[in-house]
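For reference, the structure discussed in these notes is given below.
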Amino acid sequence: MNRIIIIGNGFDLAHGLKTRYEDFINWYFDEWVQKLRVCHKHRESDELCEYVSKNNHWYNVLYKNYNIITKQPDGKGLIYAIKDNPYFDYKQSRFLERITKCIEKNNWVDIEKEYYNLLSLDFESSDNDSIAKLNNELAFLKSQLIAYLNSIEKEFINDSIVKG
């Protein structure tokens with residue numbers, strides 16, 4: 001007899017894999033710390049956010065304000081530290097902003113739903129530029145999610161799990 005076994009939602013979490021969208025977004029911000037610690041420019045950005053140091057290079061900022069040799073700041077900690085500081089600018093795209101607000105408010109996020117809601121708003125207002133920008137942001141986010149899941153696979157999935 002042939003059987004199909006469908007593994008549903010929660011199987012990955014039950015096995016300790018950090019595969020929630022919140023885990024992914026935290027990883028994305030932590031990756032920014034890594035980028036900024038080797039950045040010798042005042043400005044660094046991608047499709048979802050932008051970091052600007054008004055008076056110094058990021059490399060110097062991280063070494064002066066955080067002891068990144070002995071304690072690695074996390075991405076959220078860096079954002080909170082620079083958000084209200086007059087020497088820095090930090091900007092998120094409205095897509096990333098909705099995602100992070102959902103995580104803060106609900107402790108989870110449905111990224112597809114947030115994308116759909118923004119797309120609907122832009123479609124109603126016939127804002128083709130915003131639609132194109134939103135689609136680029138989603139494509140970038142998907143590429144980052146693939147990188148994240150690959151890192152999870154390398155870190156957590158080994159022969160002992162697969163062979164049981």
Side-chain angles (χ1 to χ4, degrees), residues 7-53 56-85 88-119 132-162:
I7 300 172
N9 192 13
F11 180 83
D12 49 348
L13 299 175
H15 287 83
L17 298 176
K18 294 183 176 257
T19 53
R20 298 176 306 145
Y21 278 148
E22 179 179 3
D23 299 320
F24 161 58
I25 296 300
N26 289 338
W27 170 86
Y28 169 76
F29 287 125
D30 290 345
E31 288 295 299
W32 264 108
V33 172
Q34 298 303 319
K35 287 181 202 175
L36 293 175
R37 67 189 297 216
V38 295
C39 179
H40 294 285
K41 301 183 285 184
H42 292 283
R43 177 184 309 267
E44 193 67 43
S45 64
D46 65 17
E47 285 77 359
L48 298 174
C49 59
E50 176 181 51
Y51 293 81
V52 179
S53 173
N56 218 329
H57 299 297
W58 279 104
Y59 177 84
N60 294 334
V61 169
L62 287 172
Y63 272 100
K64 286 180 182 174
N65 296 316
Y66 301 99
N67 187 353
I68 62 173
I69 295 171
T70 59
K71 182 178 185 283
Q72 179 71 29
D74 69 349
K76 280 184 179 179
L78 178 65
I79 291 169
Y80 289 122
I82 67 173
K83 222 173 195 176
D84 297 323
N85 191 314
F88 305 104
D89 277 334
Y90 168 73
K91 299 174 187 165
Q92 289 183 347
S93 71
R94 62 192 183 117
F95 186 32
L96 184 59
E97 188 175 328
R98 285 183 75 135
I99 290 168
T100 56
K101 282 185 180 178
C102 240
I103 290 171
E104 288 173 10
K105 181 180 176 189
N106 304 324
N107 234 12
W108 70 280
V109 65
D110 183 344
I111 290 177
E112 296 89 347
K113 181 181 177 187
E114 296 307 319
Y115 168 77
Y116 177 78
N117 290 341
L118 286 172
L119 185 64
K133 186 176 184 323
L134 182 61
N135 285 332
N136 287 337
E137 291 169 4
L138 179 63
F140 178 76
L141 196 64
K142 287 191 305 188
S143 72
Q144 294 299 296
L145 180 59
I146 290 168
Y148 174 67
L149 292 175
N150 285 332
S151 74
I152 291 295
E153 181 179 24
K154 286 178 188 170
E155 185 177 348
F156 293 105
I157 299 179
N158 56 44
D159 289 339
S160 67
I161 293 175
V162 174

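Note that the structure is a prediction, hence the values are computed from the model and not measured. All residue numbers refer to positions in the sequence shown, counting from 1.
Taking OG from Ser143 and CG from Leu138, the interatomic distance works out to 10.0 Å, rounded to the nearest 0.5 Å. In this structure, the separation between SG on Cys39 and CH2 on Trp32 is 8.0 Å, given to the nearest 0.5 Å. Note that CG of Leu141 is 10.0 Å distant from CG of Asp46, once rounded to the nearest 0.5 Å. One distance of note links CG of Leu145 with CG of Asn150; it measures 9.5 Å at 0.5 Å rounding.
Applying the side-chain hydrogen bond (donor to acceptor under 3.5 Å, both in side chains) rule to Glu47 yields no partners; only residues at least two apart in sequence or on another chain are considered. With sequence neighbours excluded, the residues forming a side chain to side chain contact (heavy atoms under 4.5 Å, CB included) with Asp110 are Trp108, Glu112, Lys113, listed by chain and number. Applying the side-chain hydrogen bond (donor to acceptor under 3.5 Å, both in side chains) criterion to Thr19, with sequence neighbours excluded, gives Asp12. Every residue two or more places apart in sequence or in another chain that forms a side-chain hydrogen bond (donor to acceptor under 3.5 Å, both in side chains) with Asn135 is listed here: Tyr115. By the side-chain hydrogen bond (donor to acceptor under 3.5 Å, both in side chains) test, Arg94 pairs with Asp122, sequence neighbours left out. In terms of the ring pair (Phe, Tyr, Trp, His ring centres under 6.0 Å) criterion, residue partners of Tyr90 (sequence neighbours excluded) are, by chain and number, Tyr51. Lys91 is linked by a salt bridge (charged side-chain N to carboxylate O under 4.0 Å, His left out) to Glu50, counting only residues two or more places apart in sequence or in another chain.
Between Ile152 and Trp27 there is no side-chain heavy-atom pair separated by less than 4.5 Å. The shortest side-chain heavy-atom distance between Cys49 and Tyr28 falls under the 4.5 Å cut-off. Residues Asn26 and Lys18 fail the side-chain proximity criterion, which asks for heavy atoms closer than 4.5 Å. Residues Gln144 and Tyr148 form no side-chain contact, since every pair of their non-hydrogen atoms from C-beta on lies 4.5 Å or further apart.
Under the 3.5 Å distance criterion, the side-chain polar atoms of His42 are matched with a main-chain donor or acceptor of Ser53.
Pairs of residues two or more places apart, or lying in two chains, that qualify as salt bridge (charged side-chain N to carboxylate O under 4.0 Å, His left out) and include a residue from residues 136-152 are Lys133-Glu137.
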Atom pairs and distances, side-chain donor-acceptor, residues 95-104, under 3.5 Å, sequence neighbours left out:
{"from": "Glu97", "atom 1": "OE2", "to": "Lys101", "atom 2": "NZ", "distance (Å)": "3.1"}
{"from": "Arg98", "atom 1": "NE", "to": "Glu114", "atom 2": "OE1", "distance (Å)": "2.9"}
{"from": "Arg98", "atom 1": "NH2", "to": "Glu114", "atom 2": "OE1", "distance (Å)": "3.4"}
{"from": "Thr100", "atom 1": "OG1", "to": "Gln92", "atom 2": "OE1", "distance (Å)": "3.3"}
{"from": "Thr100", "atom 1": "OG1", "to": "Leu96", "atom 2": "O", "distance (Å)": "3.1"}
{"from": "Thr100", "atom 1": "OG1", "to": "Glu97", "atom 2": "O", "distance (Å)": "3.0"}
{"from": "Glu104", "atom 1": "OE2", "to": "Tyr80", "atom 2": "OH", "distance (Å)": "3.0"}

